Asker: 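I have a structure here, written as structure tokens, and I will follow up with some questions on it.
Keep in mind that this is a model prediction, so the values were computed, not measured.
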Amino acid sequence: MAELKRQELQIPLFPQNVPLAYCNGFITNVGAADVSIVLLLDGTPSLKLHMSYTSAKTLREMLVNAVEALEKATDHKIMVSSEVEAGLKKLSEEAN
């Protein structure tokens, strides 16, 4: 059987026939065999994802690498939600 060349197996980065989802929050849950992620848009569930632990860990690694590359390139630390919430709480307390 002929070997497939690597380029024959590549999927376009943004295929046109794949649904698009955006989120500004999420909820995670773990089960015995997989991980569930519910994407939130303004606090409302918009999409539920299920993936294996291997896929979840690989996704984590890829996201960490992407954010670290951006932080390095911009010399700017991206805040996590808890840091933003703490800052907003501080602003609210200072206003009162």
Side-chain angles (χ1 to χ4, degrees):
M1 185 157 78
E3 281 188 42
L4 290 175
K5 294 179 183 175
R6 178 166 165 68
Q7 61 268 23
E8 293 174 7
L9 300 175
Q10 290 183 346
I11 297 171
L13 184 58
F14 297 106
Q16 296 298 315
N17 60 344
V18 175
L20 173 66
Y22 173 80
C23 72
N24 54 14
F26 56 89
I27 302 168
T28 60
N29 190 29
V30 295
D34 60 13
V35 174
S36 298
I37 302 171
V38 176
L39 302 183
L40 304 174
L41 182 57
D42 298 331
T44 302
S46 60
L47 184 71
K48 188 174 185 180
L49 303 171
H50 294 277
M51 65 183 73
S52 69
Y53 282 106
T54 299
S55 291
K57 189 163 185 178
T58 303
L59 175 61
R60 176 201 173 276
E61 182 178 90
M62 293 177 78
L63 290 171
V64 165
N65 290 343
V67 171
E68 285 178 348
L70 176 64
E71 289 176 332
K72 183 178 180 182
T74 62
D75 196 28
H76 178 77
K77 181 181 176 252
I78 304 296
M79 293 186 293
V80 296
S81 296
S82 60
E83 293 170 321
V84 173
E85 289 171 6
L88 292 173
K89 182 179 178 183
K90 184 177 177 181
L91 281 175
S92 177
E93 290 170 352
E94 290 173 357
N96 293 327

Asker: Side chains of residues 72-80: which donor-acceptor pairs under 3.5 Å do they make with residues two or more places apart or in other chains?
Answerer:
| from | atom 1 | to | atom 2 | distance (Å) |
| --- | --- | --- | --- | --- |
| T74 | OG1 | L70 | O | 2.8 |
| T74 | OG1 | H76 | N | 3.4 |
| K77 | NZ | E83 | OE1 | 3.4 |
| K77 | NZ | E83 | OE2 | 2.6 |

Asker: Should L49 and L63 be counted in the same cluster of Ile, Leu, Val, Met, Phe, Trp and Tyr side chains packed under 4.5 Å apart?
Answerer: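 L49 and L63: one cluster.
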
Asker: Could you identify which residues cluster with V64, counting Ile, Leu, Val, Met, Phe, Trp and Tyr as linked when any side-chain heavy atoms lie under 4.5 Å apart, either directly or through a chain of such contacts?
Answerer: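 Grouped by the 4.5 Å side-chain rule, V64 forms a cluster of one, so the answer is none.
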
Asker: Could you list the donor-acceptor pairs under 3.5 angstrom formed between side-chain atoms of residues 20-38 and any protein atom two or more places apart in sequence or on another chain?
Answerer:
| from | atom 1 | to | atom 2 | distance (Å) |
| --- | --- | --- | --- | --- |
| N24 | OD1 | D42 | N | 2.8 |
| N24 | ND2 | D42 | OD1 | 2.8 |
| S36 | OG | H50 | ND1 | 2.9 |

Asker: Could you list the residues that satisfy side-chain contact (heavy atoms from CB on, under 4.5 Å) with N65, not counting sequence neighbours?
Answerer: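 Once residues adjacent in sequence are excluded, the partners of N65 under the side-chain contact (heavy atoms from CB on, under 4.5 Å) criterion are E61, E68.
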
Asker: Should L47 and L59 be counted in the same cluster of Ile, Leu, Val, Met, Phe, Trp and Tyr side chains packed under 4.5 Å apart?
Answerer: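 Per the 4.5 Å side-chain linkage, L47 and L59 are co-clustered.
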
Asker: Hey, could you give me each pair passing side chain to side chain donor-acceptor pair (under 3.5 Å) that has a residue in residues 51-60? Not counting sequence neighbours.
Answerer: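 Listed once each, the pairs are S52-S55.
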
Asker: Name the atoms and distances for all side-chain donor-acceptor pairs under 3.5 Å in residues 88-95, with sequence neighbours left out.
Answerer:
none

